[in-house]
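Order of listing sets the numbers, starting from 1, for every ligand and every atom in it. Model, not experiment: these values are computed from the prediction.
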Amino acid sequence: MVSILLLNGPNLNMLGKREPEVYGSQTLEDIVASLNKIMVEELGGKLEHVQSNHEGVLIDAIHQAKGVHDGIVFNPGAFTHYSYALRDALSSVMLPTIEIHMSNVHAREEFRHTSVIAPIVMGQVVGLGSDGYEWALRALVRKIKASR
Ligand code: DQA
């Protein structure tokens, strides 16, 4: 059975209320519920979800994933653009990770064009709204199963 950590960074708890023209109307709870359903009913795996607005909590969740989960789907929010600490945490556990952004960060402000996480992750899903989480999860599970 494949076990995935779904990790969401700062302000993603505000989905549904936050800039709906950018991030859509679904809440984080809606997104997690639909991913859980896909994971259990279609992919035969399990999903743990952690959302935090605090960098250290995200770092701890990454460290704790080692030996427990097989991979990570991660939307680091604005930490994407400058958190070397999160990047180092991911490097230290060496779990296959897919970075996801709901918005097309490349079509937005200049500071969002850089991801300090991107060079050390398996891949990115960008600009597909809440659907991006589903594609990231399916791709990661497929990669993990293929490597067994
Ligand atoms: C985001 C993009 C980031 O630039 C932003 O700070 C977020 C959300 C996205 O999902 O599009 O909080 O990661």
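Not a single heavy atom of F79 sits closer than 4.0 Å to an atom of ligand 1. Within the 4.0 Å heavy-atom shell around ligand 1 one finds V105. Distances shorter than 4.0 angstrom do not occur between any heavy atom of N11 and any atom of ligand 1.
In this structure, atom 11 (O) of ligand 1 lies nearest to the protein heavy atom S103 OG, 2.6 Å. Atom 8 (C) of ligand 1 has as its closest protein heavy atom Y23 OH, 3.4 Å.
For the residues H113, R112, E19, the heavy atom positioned nearest atom 5 (C) of ligand 1 is part of R112.
Looking only at side-chain heavy atoms (C-beta outward), Y133 and N8 come within less than 4.5 Å of each other. In this structure the side chain of M102 reaches within 4.5 angstrom of the side chain of L15, judged on heavy atoms. For the pair M39/V141, a side-chain contact is recorded, criterion being any heavy-atom separation below 4.5 Å from C-beta on. Side-chain contact check for N75 versus H101: some heavy-atom pair is nearer than 4.5 Å. Taking 4.5 Å as the limit, every side-chain heavy atom of I59 sits out of range of all side-chain heavy atoms of S83. A heavy-atom distance below 4.5 Å is found between the side chains of P119 and R87. Contact check for L35 versus H49: no side-chain heavy atoms found under the 4.5 Å cut-off.
At a 4.0 Å heavy-atom cut-off, ligand 1 touches R18 through the side chain alone. Here T80 has no heavy atoms under 4.0 Å from ligand 1, in either its backbone or its side chain. The backbone and the side chain of H101 each have at least one atom closer than 4.0 Å to an atom of ligand 1 (non-hydrogen atoms only).
For ligand 1 and H81, the ligand atoms under 4.0 Å from any heavy atom of the residue are 3 (C), 4 (O). Each of the following atoms of ligand 1 lies closer than 4.0 Å to a heavy atom of M102: 9 (C), 10 (O), 11 (O).
Side-chain N or O atoms of K145 include one that pairs as donor or acceptor with a backbone N or O of L43 at under 3.5 Å.
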